[in-house]
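Have a look at the structure below, then the notes.
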Amino acid sequence: MNGQKTRVMLVDDHAVVRSGLSAFLSVNPDLELVGEAENGEQAVVRAGILKPDVILMDLMMPVMDGVAATRAIKKQNPGIQIIALTSFQEDELVQNALKAGAVGYLMKNVTARELAAAIRAAKEGKITLSPEAAQALVRATQQAQETETLTEREREVLRLMVDGLNNAEIAERLVVSLSTVKYHISNILMKLGVDNRVAAVTTAIQKRLV
Amino acid sequence: MPKTTFFNTVRARLILLVLLVFIPALGLQVYDALSDLQVNVEQQKQASVQLIKHAQSDFGNLIETSRAVFASLAGVNELNNSNTCNQVITAMQLAYEQLAPVVVNIGLADGQGNIRCSIKPTQGKGSIGEQIDFQTAVQTFELAVGEYQDDPAVDKPSLSISSPVLSEQGEVQSVLFLTIDTTWLENWLKDSALPPNSSITLFSPGGEGLWRTLNGEDVPIDGSNNQPATWYRQLQNGDQATIEGQDFDGVSRLHTLQPLKINAQTAGWLHLGYPISQLYDEAYTLLGWKMGVIAALALVVLLLAWWASEALFLRPLSNLMEVVKRVQGGDLGVRVSGLKGLGEVNELANSFDQMTDALQRRENERRQMEERFTAAFKSSAIGMGMMGLDGRILAVNAAVCKMSGYSEEELKWSYNHDHVYPPDLEVGEDLFAEMLEGKRGYYSVEKRYVRKNGEVFWTRLTLSLVRDRLGEPAYLVAMIEDIDQDKQKSAALADSEARFEAIYENAAIGISLIAPDGEILAVNPTLIEMSGRSEAELKALRGQGITYSEDLDVGRREFYEVVNGTRQAYSVEKRYVHRDGRIHWMRQTVSAARDIEGKLLYLVVVAEDIDRHKRAVEELRESEARFRAILDNTAVGIAVMTLDRHIVQINQTVTRLTGYTSEEIAQINPSMLAIEEDRLIDRDLFVELVEGKRNQYLAEKRYIRKDGSIFWGRVNFALVRGPDNQSLYTIGMIEDITEEKQAAGRLAAQEAEYRRTLEEKIAERTEELNLANEQLREKVALDAVIAERTRLARDLHDAVTQTLFSTTLIADVLPDIWEMNQAEGRRRLEELRLLTRGALAEMRTLLVELRPNALVEVPLPTLLRQLVDALIGRARINIQLSAEDSPGGDNGSGHKLPADVQVGLYRIAQEALNNVVKHARASEAAITLRTGDVVRLTVADNGKGFDPAQVTADHLGLKIMRERAETIGAKISIYSEPGEGTQITIIWQGKEEAQ
C-alpha cells in the first residue's frame, strides 16, 4: 500500500483556501486531491462516495460545521482520517474536534511542509497537533482538575454568585448561615486562584465552571 | 272448638286405616293371580308343544317299526316269486299280529304296483301304483310314506307306507307296503294326559280335516267344521309354535300343529287344541275366591274396628265429654272416674279428674274467702269498699262512713273521685294502670280525701283488682285507712329527723353527742375529719380531748350552767389541736338534750372550724387595706359610679386631676365634668355598658377642672357584675393624657415633614432613574452597533486569515509547481498576486472597521474601491466599480455627504456586496455611485437572484439594509427575480440647507 497515493479531500467554505490547498497538494506526488466540499453536509455526502484517506476539514462552515461533519464521517467511515484545519484555537473547539474523531488539529498558519507531514502521519493514524491545539488541551485538562476540586456545595454557591445573588441571598437560598456562605466563598476563591468575588464569577463564566 | 264431621272422627280414621291395609292386599292378589295365569298359559303352551312332539316321535317309531318289518319281509324267499304268496303271507301275518291293531294291512306289490299279496283284502284296489308312497319308494329306493287320506274301506283315515325290494342289480323287483290308520294316534291319545276338552285333529297334507276327537271322543267331520282356521296357516308357516284362537266348535283353545313326516315327506298334520279357557276360568275363579276372602276379611276387620273404636275410644271419650260439659256447666262434683279405657285415655280421664278436683277446691276456697271477706268487710275498723272499674262506689262498710261522715246510701253509686281531694286525684294512677295490665295485684298509696264536713284528711288507700273467671278485671276492692293524725306526726318527725340526719352527716361542722359524764356517745364524719382522728380515738379522748391546752377553761362556766339546766346552750371560740399538731380556731356550741321531764339526756356539741374564716377575715382586712392603698396611690384616677351615674367613691388621683374632693364630686353630674363639645362622645357607649351589652369601653374627652382649666383625659369604664351576672356598678379609670396629645400633635407635624421630604426624594430618584434608563438605552444601541461592527470585523479578519493562509501555501509550493509545470506556475503566480492584493484591501477595510471615524474621513468612492478590491481577492468575481471620486470630500455638487449618510451608504453597500459573494453565485457584479442633488447607489449582480416574496426580510441582511436606509432617510429598492440576478438601489435626497 505504500506505493499508493494518499487520497485527500478538502473541506472549506472559502474558495481561496481550497485553491491554495489544491496548489499545495499538486506539488506533493504522494498526495492526490480526490474531492472538495464547501460545507459539512457536502463533505459528509462526498466523503461517503469518494472515501478519501485523509480529509482536511475546516471547522467554521455554514450549514454543517466541521465538528459535526467529522463526527458524521467517522461514524460512517471510521477508516477516513480527518485533520481539522482552522483559524480558531478556542479550547472548547479543540476538545470537540478531537472528541468528534479528528486525528489532527492545525492552525491556518501552518507551512506546506508541516501540512504534508501531518497528512502522511494522519494516514497512518498518528495524531498531529499544532502547538496552539496542544496548549488548549493542556489547559482543558488543567481546568478539569480545577473544576473537579470544587465541592458540590461550592459549586452551588458559585452558581448563585454567577446568578448575581449577594451573600445574604445565597445564605437564604441554601438555608445556611451567612458565615457558612462566606466560608464556602473563601474556599472557592482559593481553588479558582482568584482573590475577589468578581474574579471568581468571571472565571466561572469564562471557564464554564457552572 | 272445631266442628266434628264424620271425616274427623276416630271411626272414619279407622276405616281409612283398614282400607289402607286391605286395598294393597287386594291389589297384590290380583297381580299374583294374573301373573300366575300368565305362567300357566306358558306352561300349557309348552306342554302342548311337547305333547304334539310325542305324537311325532310315536309316528317316527311307527315308521321304524315298519322299516324293520319290511326288512324282515325282504328276506323271505319267494318274495320275488310272483306266483305264490304263502310264505310272504305267513311272514306278514306274523308281523301283522305283532303290530295290530296299529297296522291295518301289510301287502306286497310288484314293481309296477300291482298288488300280489296282502293280508287283508284291498277291496277293489288292485294297484298301489298311483299312490305317492309307492311312487316315491320306487324312485328313491327307500322307504316312503304316503299321505293320510280317507279310506272308505276303513272308518278311519289311513296312511300307506311302501318300501322297495331291490334285486341284486339294484332294480326294484317288488314293493312291500303296509297301511296304518289312526289307531296309533288313539293310543297316543290314551297315553298322553290331555286335559279334558282338548281337541285333536288330523289334517291331510292338503289341509283337509280327516279325523277329530274332542275330549277323547270322536267328532264327525263334515263340511261345516272341516276347513282349517286362519291360525292353521300361521302355525304351518311356523311363525309361532302356538296360537290362541277359536276352534271348530267355537271354543277358544291354544292350538299347536305338528307335521307327521319322515325325511321330506309329510304324511299329514296333527293339530292339538289345548283348552286354555279352562285355565283362564280357573285363574279368574281363584282370583275371585281370593278377593272374596280378602273382602270378607276386610269387612270383618272393619266391623271389629268399628266395635273396638266404639268400645275402646268413643264411649269413654263421650263419657269424658259429658263430664266436661257438666263441669263447664258448673257441676264441679262430677268425675270421670268410672271410665275404663285404654292407657292414654285413662290418663286423660285421670288428669281431668284431678283438674276438676283442683277447680272444686279452688271454688271452695274462693267461697270461703268470699265469706270471710264479707264478714271482714262489714266489721272492719278499716274502711273497705268495693268499686267498679269506673270508680263508682258499689259498697262501703261502716268504717268508711264513719271516716268520711257520709252515710252508706250517700256513698253508694257516687264516684270515688268525687271524694278525693282534687290535687291528689292523679295519685296512684300509674299504679292503677299497672294493676289493670296485670303487672301487679294491688297497690297502696297515700291520698287525701274530703270528709262530708269539708275537712281534708290523709288516707292510706289500698286498691286490689278482682278479676272474673275469665281473668278480666271485674271490680276493685279498696281499703282506706285514716292516717291523718299519723301522717302529720310522722311528717313532722320525719322532717326533723331528716334535718338532723342531714346536719349530722353533712354539716361542715363537727357534731358530737356527749353524755353528762363526759363519755362521747357519737361523733359525726366532719368532726372526724376536722380533728384528724378516728371515731375510736375521739371516743377514747372524752370531753375536751381535742381542745388546745391554753383554752381548756374557755366556756367552762357556761358548760356547767348547761349541765345544771340554768342555761340551754352557749357558744365560745376556742382553739383545738389537729392530730398533726396544727392549731385551729373553732367555734364551739354546746346545747342540752333533755327528756320530757327535763332530765339531761346528753349534750350536743357543735364545733365549727373557724380557722379559715378567721384567717379569711384577716386576709380580707389586709386585702382591703392593700386595695385602698392602690386605690389611693395609683396614678390612674379611679371612680366608682352607680348605674345611674352617681359617683360614690373616688381616689386621690381623681381629686388631684380634677381638683374636686369626693364629697364635691358626689354632688356633680359626671357628664358635666367634660367640656360641652365632648359631653356626648361616650353617651351611647355608657348606655350599652349600663345595660350590660358591653363590659367596658375607652374614650378620650376633654375635662374641666375645678379651677376651670381643661385637660385631655382617657377614660376607661368597666362594668362590675354580681354573682348572677347582673350589672352592679361601674368603675371608671381616668388618665391625664394632655401631654400625650401634645406629643401626638408634634409627631403628626413631624410626619408631614418627613412625607414631604420623602416625596421630594422620590421625585429626584425618578429623575435619576429616567436618566439612567436613557443612558442604558443609548448604551444598548451603541452595543448593538459595536456588536455589528465586531461581527463585520470578525468576518473580515476571518477572510483575511483565510486569504493569507492560502497565499502562504501557494507561495510555499510555487517553486515546485513552476518546476513541474510553468503554465500552471504562472497561473498560480497570478492568483498569488490577486490574493495578496485582496488581502491588503481586506486589511484596509478592517482598519476602516476598527477605526469608525475612517468611514467618515475617507471619501465614499475610496471606501467602495477598497471593498471591491477585497472582494475580488476573496471571491474571484468580476466586480466593477463606477463612482465619482472627488478629492476633498466634495461630491461635485458642492455638498459633502453627511457623516451618517456616508456611513449608512457604505454599510448598505458592504452588506449588499457580502450577499453577492456569499449567496448570489454571480460571476459579475457592478457598483455604481452617483452623487449630486440626489445620491444613487446601485449594487447589481448576475447571480441566481431570489424571489423577494419568498425570502424573509431577515434573510440576506435585507432587514438591516432597509433599517439603515430608513435611518438615513434614504429609499431602498431591492429588485430580484430567480435566475435574473439582483439589483439593490439606494436613493438619498439631500435636505435643504435651510432645514
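Side-chain atoms are counted along with the backbone in the values below, which use heavy atoms only and exclude waters and symmetry mates. Numbers restart at 1 for each chain; the letters A, B, ... are given by sequence-line order, proteins then strands.
- Within the 4.5 angstrom heavy-atom criterion, no atom of L25(A) approaches chain B.
- If you check the side chains of T938(B) and Q983(B), you find no donor sitting under 3.5 Å from an acceptor.
- Within the 4.5 Å cutoff, the side chain of I972(B) has no heavy atoms near those of the R964(B) side chain.
- Defined by atom type and a distance below 3.5 Å, a donor-acceptor pair is missing between the side-chain atoms of R837(B) and T803(B).
- For chain B, no part of D13(A) is nearby; none of its heavy atoms comes within less than 4.5 Å.
- Looking at E38(A), only its side chain comes within 4.5 Å of chain B, counting heavy atoms on both sides.
- Contact tally against chain A (heavy-atom pairs below 4.5 Å) for T808(B), I817(B), L804(B): the top residue is I817(B).
- Residue contact with chain A, scored on non-hydrogen atoms closer than 4.5 Å, is absent for E824(B).
- Heavy atoms closer than 4.5 Å to chain A are found in the side chain of L835(B), but not in its backbone.
- For the pair I119(A)/K123(A), no side-chain contact is recorded, criterion being any heavy-atom separation below 4.5 Å from C-beta on.
- In terms of modelled atom types and a separation under 3.5 Å, the side chain of E760(B) and the main chain of T757(B) share no donor-acceptor contact.
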